[in-house]
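Here's the structure we're looking at; comments come further down.
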Protein chains: 2
Amino acid sequence: MRKRTAVTLHKSADLLLEKVEKIGIMIEQAGQAPVPGRIVAYLMLSEPPYRDFYEIQAFLKASKSSISTALNQLMQVGVVNYITFSGNRRRYFQINTQGLTKVIKERYRKGQLINNMIMETLQHRKNSEFQRFNRELKEVIDFSTYIHKGMDKLIADWEKLHPLS
Amino acid sequence: MRKRTAVTLHKSADLLLEKVEKIGIMIEQAGQAPVPGRIVAYLMLSEPPYRDFYEIQAFLKASKSSISTALNQLMQVGVVNYITFSGNRRRYFQINTQGLTKVIKERYRKGQLINNMIMETLQHRKNSEFQRFNRELKEVIDFSTYIHKGMDKLIADWEKLHPLS
DNA sequence: TTTTTAGTTCTGCAAAAAAAGAACCATTTT
DNA sequence: AAAATGGTTCTTTTTTTGCAGAACTAAAAA
């Protein structure tokens, strides 16, 4: 009986760790370093969805400095938050879903940068002999501009419908 | 007279180099290493818009190995291409605008990955005590799904209007 | 057949990024 | 007032990435 419980607990903690790794890698691929990625993954999956500094550190087996730096960075970006409970000095970190939504929006908006870049090149090439290439570049810009404008509208429409997010 | 021409030439090559650096940095920020970024920038700005291996190397003052590796990588990704001229053994590298458009599309589509990730976490949390957090995650997914679907439609509509790009 | 050309591939090094360690500091608790 | 807590900050170590150098290769030219 005791053994079985222990095994079960072990198995589920292990499973959680595996999931944290997996989701963590996805977050890495979105441009975060491993430790911040794992922190976000852990906070997303954890029950309860808030954890204090030492719980996070113990779960991820990372150093205090890494955890501290990562948490502060994530709070800076806006995807992590904390809550407190009175009579308790620790801060409980959690995912800030509003911040997450904002980050997703920003990511989409970044497409505009490529657009600007190609426009600059086309400006530079305006007297080029190679108008065929210029026309092709123009097409890329047209597509990219179309997408970008469409997306801004999508976001604006959403915001109209969902005022506070 | 000779001096002035030399100065003029020098100045314009210099200006080009400056622009290549600037555009190159923009491309770096989209996730490329410096040398590949500069190659793309150079091919975008260059007149003619195609250059052989040694021209690229000379312009960027990088090693053959860096240029070779970077060009192959860029061809792999699809943003660079080459053409040949008969009676000439060299390959002339150029921007593949179709490939570039495709890469831009793919980038936008990658938003879906975040979406999938959050869906997985929500699946994991389905029996959670903390339904408030689950609802918040659901909202993030709803937004992200909305954007993603909207974008797929934008792309599909564009493709209907522009069959071959 | 030898040499040249147009790259490629492998090894190593330097710079940058990520993480760890440890000293430190402000509150809080004892 | 002393010790403990909950971190932070600075320095060092480790890992990863990007690039260069040089030896190499397949095809073409001489």
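Naming: A, B, ... by sequence-line order, numbering from 1 per chain. As the structure is a prediction and not an experimental result, all values here were calculated from the model.
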Distance, rounded to the nearest Å, where [X] contributes [atom1] and [N] contributes [atom2]:
X	N	atom1	atom2	value
B/Lys64	D/dA22	NZ	P	12 Å
B/Met75	C/dT8	CE	P	7 Å
A/Leu71	D/dT9	CG	C1'	15 Å
A/Ile67	D/dT5	CD1	P	19 Å
A/Gln73	C/dA18	CD	C1'	11 Å
A/Asn72	D/dG6	CG	P	17 Å
B/Ile56	C/dT8	CD1	P	11 Å
A/Lys61	C/dA20	NZ	P	12 Å

Basic-acidic side-chain contact under 4.0 Å: B/Lys22, A/Glu120 =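 Yes, charged N to carboxylate O under 4.0 Å.
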
ask   = Taking 4.0 angstrom as the limit, do B/Lys102 and B/Glu106 come out as a salt bridge?
value =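 No, this pair does not count.
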
task = State whether A/Arg91 places a side-chain N or O below 4.0 Å from either non-bridging phosphate oxygen (OP1 or OP2) of D/dG7.
result =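 Yes, A/Arg91 has a side-chain N/O under 4.0 Å of OP1/OP2 on D/dG7.
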
Residue-phosphate contact under 4.0 Å: A/Ser68 side-chain N/O, D/dT8 OP1/OP2 =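 The answer is yes; a side-chain N or O of A/Ser68 sits under 4.0 Å from OP1 or OP2.
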
Nearest to the side chain of [X] - [options]?
X	options	result
B/Pro34	D/dA20, D/dG18, D/dG7	D/dG18
A/Val35	C/dA19, D/dT8, C/dT8	C/dA19
A/Arg89	C/dA20, C/dT28, D/dA20	C/dT28
B/Ser66	C/dA19, D/dG7, D/dC19	D/dC19
B/Ser65	D/dG21, C/dT8, D/dG6	D/dG21
B/Arg90	C/dA6, C/dA19, C/dT8	C/dA6

request  = Anything under 30° is parallel, anything over 60° is perpendicular, the rest tilted; go ahead and classify B/Phe59 against B/Tyr42.
outcome  =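 B/Phe59 vs B/Tyr42 ring planes: parallel.
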
request  = Mind telling me whether B/Tyr50 and B/Phe85 have parallel, tilted or perpendicular rings, with 30° and 60° as the class edges?
outcome  =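 Taking B/Tyr50 first and then B/Phe85, their aromatic rings sit tilted (interplane angle of 30° to 60°).
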
ask   = When you match B/Tyr92 and A/Gly87 each to their closest nucleotide on DNA chain C, which lands nearer the 5' end?
value =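 Its nucleotide being nearer the 5' end, the pick is B/Tyr92.
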
task = Give A/Ala70 one of three labels, base, sugar-phosphate or nothing, depending on what nucleic acid heavy atoms sit under 4.0 Å from its own.
result =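 Nothing, no nucleic acid heavy atom in range.
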
task = Answer yes or no: does atom CD of B/Gln131 have more than 12 heavy-atom neighbours from other residues, nucleotides or ligands under 6.0 Å?
result =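 More than 12 heavy atoms, drawn from other residues, nucleotides or ligands, come within 6.0 Å of this atom.
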
